[in-house]
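All values below were derived from every heavy atom in this structure, side-chain atoms included, with hydrogens, water molecules and symmetry-related copies excluded. In what follows, every chain begins at residue 1, and chains take the letters A, B, ... in the order their sequences are listed.
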There are 2 protein chains.
Amino acid sequence: MHLPDMSSLSPTARVILGLLTFRPRTGYDIKQATDRSTRFFWGASYGQIYPELRRLERAGLVASHEEPRGQVPRRVYRLTEDGRLAFESWLSEPTDQYEVRDEGLLRLFFGDAMSAAQLEELMRRRQEWYRETAALFRRIGEEIGPIEDLGGHVLRYGIELMEWNADWWERLEREL
Amino acid sequence: MHLPDMSSLSPTARVILGLLTFRPRTGYDIKQATDRSTRFFWGASYGQIYPELRRLERAGLVASHEEPRGQVPRRVYRLTEDGRLAFESWLSEPTDQYEVRDEGLLRLFFGDAMSAAQLEELMRRRQEWYRETAALFRRIGEEIGPIEDLGGHVLRYGIELMEWNADWWERLEREL
DNA sequence: TAGGCCATGTAAAAAGTTACATGATTTT
DNA sequence: AAAATCATGTAACTTTTTACATGGCCTA
């Protein structure tokens, strides 16, 4: 058995393999799962998921079988032994990749070209958005119940990060 | 005069126009500036910058002239009136785009597939990295002196966000 | 005189989004 | 009976990265 080449695991591949460590899933199911969980720190669209699943199957990291629901064709993917090894190997790699893409922050950076009223509105809007997003995360948390697995901690991270951001913009507004 | 189409301003175009609001720059200079300032919330590579500058010039948002240093060809770009209008129009658009891409967080999310020792190492590494990055940002802050413009506030945001993240992982470690 | 910085660019590949197309099943 | 959800996919496009190629200028 030759070890699968891990350096070729694309970001999307990592999310897919990760979600398959919990249980076998269809492409549709993977999309739903990313939308509900990893979306804010690593999303995926159908345009990536379906082709990537086929690539992963060719590479032997996942395997699939048909499982139609009535007339509806349906293909369920599961992790192979090679897939699990490749994923676990990625899990223990040291990586520092971290990136924030925040348009509000970019606007603030160039804010000297803004009027005072515009700046005011930006600060207000950002606070609102962060509070709303924190509330959305909280609702998701209530749906899935008390924190048990590590996914729960990540959700709590999301809530706290959104609150921190809202507070930061509030502080900025008071300062200016 | 017809208004330039702002919906076609790519993310890279916005950073370029934004940096040109301060002063005229060469492509190389723009790259240096993004590396030193916007990198962590909006970066750009040469492969985007040079082609984008030509697109922007064709669209009339920037203008350039040659300014060689000895034998070295050198082209300096500046914002046109249309470019300034397009950029200011973007500045006041309402946008909520926000994204975090954090590999450490992704690993934590799938951390049930990790051993206790692996998880331990992840938490330690992340704290280290956030503390180091906060220190790096602080050094940059010392170089550019006291906070005067809004760019200084964005730098302070970066420092505080890195500290918050380090603290979060420290708290997590104590909990587990 | 060597190394680092300034300077410009391209080609190819990788990654990701958006819009479209289709239709069955399940729930209200 | 209608609406929502489950389900699969593609094509075109946009965006971004990576690797390569080139060479002058400045300073220790």
ask   = Do Thr12(B) and Glu52(B) meet the criterion of a side-chain donor-acceptor pair at a distance under 3.5 Å?
value = no
task = Using distance alone, with no hydrogens and no angle criterion, decide if Ser64(A) and Arg75(A) have a side-chain donor and acceptor under 3.5 Å apart.
result = yes
Set out, line by line, the N/O atom pairs under 3.5 Å between protein and nucleotides 23-28 of chain C.
from    : atom 1 : to       : atom 2 : distance (Å)
dT25(C) : OP1    : Gln71(A) : N      : 2.9

remark   = Rounded to 10°, the angle between the first-five-pair and last-five-pair axes of the helix from dT1(C)-dA28(D) to dT28(C)-dA1(D) is 50°
Side chain to side chain contact (heavy atoms under 4.5 Å, CB included) partners for [X], two or more places apart:
X: Glu128(A); value: Arg124(A), Glu132(A)
X: Tyr28(B); value: Thr26(B), Gln32(B), Tyr46(B), Tyr50(B)
X: Glu160(A); value: Arg156(A), Trp164(B), Trp168(B), Arg171(B)

request  = Measure the acute angle between the ring planes of Phe110(B) and Phe22(A), then classify it against the limits of 30° and 60° as parallel, tilted or perpendicular.
outcome  = tilted
query = Just by protein heavy atoms under 4.0 Å, how would nucleotides 8-21 of chain D read 5' to 3' in B, S and -?
reply = BBS----SSBB---
task = State plainly whether the residues Glu142(A) and Arg139(A) are in salt-bridge range, i.e. N to O under 4.0 Å.
result = no
Ion pair Arg107(A)/Asp102(A), N-O distance below 4.0 Å = no
inquiry  = In this structure, how many angstroms lie between the P atom of dC6(D) and the CD1 atom of Ile49(A), rounded?
reply    = 14 Å
